[in-house]
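Below is one structure, written out as structure tokens; the observations come after it.
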Amino acid sequence: MLCPDRSFYARSTNIVANDLIGKRLVRIKRLSDNKLLRLSGTIVETEAYGFRSDPASHAFKGPTLRNQIMFGDVGKVYVYFIYGNHYCLNISAHSKKSEAGAVLVRALEPVEGVEIMKFFRRTSDELLLLSGPGRLSQAFSISKDISGMDVTDARSELHVEYVENGALHPTTISTSRIGISRSLNKRWRFVSGYSEGSELNMSKYVSRRH
DNA sequence: TCGATGATTGAG
DNA sequence: TCAATCATCGAA
């Protein structure tokens, strides 16, 4: 299936975060017996993180050992470890002018490999499989060893694909970002949504606190 | 070196 | 509501 190309990621980070909603995220994992495992889900929640104008971003203070992928070529995987327990998956994306940025992928709707993902997550609840950055990383077996991979290459072990039927939900809702203390005024979280009568609902696969 | 902190989660 | 748990970063 066709992947969004490099130019897709070479735009403002918030535009890329918005446009990733409804795309397919695909994980191809090489098992020890050399067989290939294919897992995938539809992106239903993202967040944009910028550079100078964004104190909540890892890139805010300039390049470091950890965040260097945010300053490099766009369309590359940036994984970091947080709270001593969880990996978070990002894709580098920014316009040439803004110099650095990344999109945090926060939630997916399960598509392929559901039973395998349930095993990795040690749960049978589909709503808890991919609904949060730490959860989707565990379900997709993502750690820092895939940092730097190219998501525009369909042969890559982690990549993004267009969905044949177009967007899952017609609407994208923007809100303030989750889990940060600074820049709460920016509405750089994007969620897949749909209309039901006069109500505007979020996808049930979005991350949320109980 | 060393201490503070965090783009989270599951349990209580 | 709270603690687990450790890589990263900037100060000392």
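These numbers were taken from a predicted model, which means no experiment stands behind them. Note on naming: letters A, B, ... go to the chains in the order of the sequence lines (proteins, then strands), and numbering restarts at 1 for each one. Because only heavy atoms are used, hydrogens play no part in the values below, and waters and symmetry mates are left out as well, while side chains stay in.
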Remember a base hit wins even if backbone is also touched, and classify [X] as base, sugar-phosphate or nothing at under 4.0 Å, heavy atoms.
X: A:Ala56; value: base
X: A:Arg177; value: nothing
X: A:Arg121; value: sugar-phosphate
X: A:Ile180; value: sugar-phosphate

Rounded to the nearest angstrom, tell me the gap between atom [atom1] in [X] and atom [atom2] in [N].
X: A:Tyr87; N: B:dT9; atom1: OH; atom2: C1'; answer: 15 Å
X: A:Asp125; N: B:dT9; atom1: CG; atom2: C1'; answer: 14 Å
X: A:Leu128; N: B:dT8; atom1: CG; atom2: P; answer: 16 Å
X: A:Leu184; N: B:dA7; atom1: CG; atom2: P; answer: 12 Å
X: A:Lys61; N: C:dT8; atom1: NZ; atom2: P; answer: 16 Å
X: A:Arg135; N: B:dT8; atom1: CZ; atom2: P; answer: 11 Å
X: A:Leu104; N: B:dG6; atom1: CG; atom2: C1'; answer: 13 Å
X: A:Asn67; N: B:dA7; atom1: CG; atom2: P; answer: 12 Å

Checklist entry - Counting side-chain heavy atoms from CB outward, which of C:dA7, C:dG10, B:dT8 is closest to A:Lys144? => result C:dA7
Are any protein N/O atoms closer than 3.5 Å to N/O atoms in nucleotides 2-6 of chain C? If there are, list each pair with its distance.
residue, atom, partner, partner atom, Å
C:dT5, O2, A:Tyr83, O, 2.2

Checklist entry - Mind checking whether A:Ser207 and A:Ile178 have side chains closer than 4.5 Å, heavy atoms only? => result yes
Item to check | A:Tyr49 side chain near A:Ile180 side chain, heavy-atom distance below 4.5 Å | outcome: yes
Checklist entry - Under the salt bridge (charged side-chain N to carboxylate O under 4.0 Å, His left out) rule, what pairs show up with a residue in residues 36-59 of chain A, not counting sequence neighbours? => result A:Arg38-A:Glu112, A:Arg38-A:Glu161, A:Glu45-A:Arg106, A:Glu45-A:Arg189, A:Glu47-A:Arg106, A:Arg52-A:Glu99, A:Asp54-A:Arg177
Next on the checklist: Counting runs of three or more consecutive pairs, Watson-Crick or G-U wobble, with each distance below 3.5 Å, where are the stems of DNA chain C?
Outcome noted: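 B:1-6 with C:6-11, B:8-11 with C:1-4 - these are the stems of 3 or more pairs that involve DNA chain C.
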Short side-chain donor-acceptor distance under 3.5 Å, [Y] and [X]:
X: A:Asp5; Y: A:Ser7; value: yes
X: A:Tyr9; Y: A:His94; value: no
X: A:Lys118; Y: A:Ser124; value: no

Mark yes or no for whether [X], through its side chain, and [Y], through its backbone, hold a donor-acceptor pair below 3.5 Å.
X: A:Ser92; Y: A:Asp73; result: yes
X: A:Arg182; Y: A:Pro55; result: yes
X: A:Ser137; Y: A:Gly134; result: no
X: A:Gln68; Y: A:Leu65; result: yes

Next on the checklist: Contact list please: residues 12-20 of chain A against DNA chain C, heavy atoms, distance less than 4.0 Å, in numerical order.
Outcome noted: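 Of all residues in residues 12-20 of chain A, none places a heavy atom under 4.0 Å from DNA chain C.
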Checklist entry - On DNA chain B, nearest-nucleotide positions of A:Gln138 versus A:Val103: which is more 5'? => result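 It is A:Val103, whose closest nucleotide lies nearer the 5' terminus.
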Under 3.5 Å, N/O pairs linking protein and nucleotides 1-5 of chain B:
none

Item to check | Candidates A:Met117, A:Arg122, A:His86 - the one meeting side-chain contact (heavy atoms from CB on, under 4.5 Å) with A:Gln138 | outcome: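 In the set A:Met117, A:Arg122, A:His86, the residue that makes a side-chain contact (heavy atoms from CB on, under 4.5 Å) with A:Gln138 is A:Arg122.
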Item to check | side-chain contact (heavy atoms from CB on, under 4.5 Å), paired with A:Val77, selected from A:Ile91, A:Leu89, A:Val105, A:Ile142 | outcome: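 Exactly one option meets the side-chain contact (heavy atoms from CB on, under 4.5 Å) with A:Val77, and it is A:Leu89.
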Next on the checklist: Just to verify, what does A:Phe71 make a ring-ring contact (aromatic ring centres under 6.0 Å, His included) with, not counting sequence neighbours?
Outcome noted: A:Phe51
Item to check | Lys/Arg N to Asp/Glu carboxylate O, A:Arg6 vs A:Asp150, below 4.0 Å | outcome: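 Between A:Asp150 and A:Arg6 there is a salt bridge, with a charged N closer than 4.0 Å to a carboxylate O.
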Item to check | Ion pair check, A:Glu157 and A:Lys29, cut-off under 4.0 Å | outcome: no
Item to check | Residue-phosphate contact under 4.0 Å: A:Arg106 side-chain N/O, B:dT8 OP1/OP2 | outcome: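 Yes.
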Checklist entry - A:Tyr49 on top of B:dA7's base, within under 5.5 Å and under 30°? => result yes
